[in-house]
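This is a predicted model, so every value here is computed, not measured.
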Amino acid sequence: MSRRCELTGKGVMVGNNVSHANNKTKRRFLPNLNDVTLQSEALGQGFKLRISAAALRTVDHRGGLDAFLAKAKDAELSAKALKIKKDIAKAQAAA
């Protein structure tokens, strides 16, 4: 399982631990990923996604999964999220 947010594309970053003596050793900054189930109003079902805590706050702020995916760039989304976005667009066009 990759350490990448399915909605924002946020991933692992690298940097250095810097000691008091200014010694530098490599380290990894991991994103705060959570397994959540988000509900889609247009499709009437839930989807299990692995997203960052920041993405979860953004989804809530924008008014749900449907509104978030409508504004999201396709390049940032995972394949699973892209399929959900297309399904939601089809359902909204039909309604």
Table please: side-chain donor-acceptor pairs of residues 57-73 below 3.5 Å, with sequence neighbours left out.
unit_1: Thr58; atom_1: OG1; unit_2: Ala54; atom_2: O; d: 2.9
unit_1: Asp66; atom_1: OD1; unit_2: Ser40; atom_2: OG; d: 2.8
unit_1: Asp66; atom_1: OD2; unit_2: Glu41; atom_2: N; d: 3.2
unit_1: Asp66; atom_1: OD2; unit_2: Ala42; atom_2: N; d: 2.9

Practice problem: Take Leu38 and Leu49 through the test side chain to side chain contact (heavy atoms under 4.5 Å, CB included) and record every step on the way to the result. | Solution: CA-CA 7 Å; Leu38 297 174; Leu49 296 169; 3.9 Å; yes
Quiz item: Which ILVMFWY residues are connected to Val12, directly or by a chain of links, through side-chain heavy atoms under 4.5 Å apart?
Solution: Leu30
Practice problem: Not counting sequence neighbours, which residues clear side-chain contact (heavy atoms from CB on, under 4.5 Å) with Ser19? List them please. | Solution: Ala21, Asn23
N/O donor to acceptor pairs below 3.5 angstrom from side-chain atoms of residues 3-10, sequence neighbours left out:
unit_1: Arg4; atom_1: NH1; unit_2: Gly9; atom_2: O; d: 2.5
unit_1: Glu6; atom_1: OE1; unit_2: Ser78; atom_2: OG; d: 3.3
unit_1: Glu6; atom_1: OE2; unit_2: Arg50; atom_2: N; d: 2.8
unit_1: Thr8; atom_1: OG1; unit_2: Lys10; atom_2: N; d: 3.4

Practice problem: State which residues pass side-chain contact (heavy atoms from CB on, under 4.5 Å) with Gln39; sequence neighbours excluded, sorted by chain then number. | Solution: Thr37
Quiz item: Is there a path of hydrophobic side-chain contacts, each under 4.5 Å between heavy atoms of I, L, V, M, F, W or Y residues, that connects Ile88 with Ile51?
Solution: yes
Self-check item: Set of salt bridge (Lys or Arg N to Asp or Glu O under 4.0 Å) partners for Lys83, sequence neighbours left out
Solution: Asp87
Practice problem: Give every residue pair that meets the side-chain hydrogen bond (donor to acceptor under 3.5 Å, both in side chains) criterion with at least one member in residues 24-35, sequence neighbours excluded. | Solution: Asn22-Lys24
Self-check item: Partners meeting side chain to side chain donor-acceptor pair (under 3.5 Å) with Asn16 (sequence neighbours left out)
Solution: none
Practice problem: Locate the shortest heavy-atom distance separating Leu82 from Asp74; write the atom from each residue and the value. | Solution: CD1-O, 3.4 Å
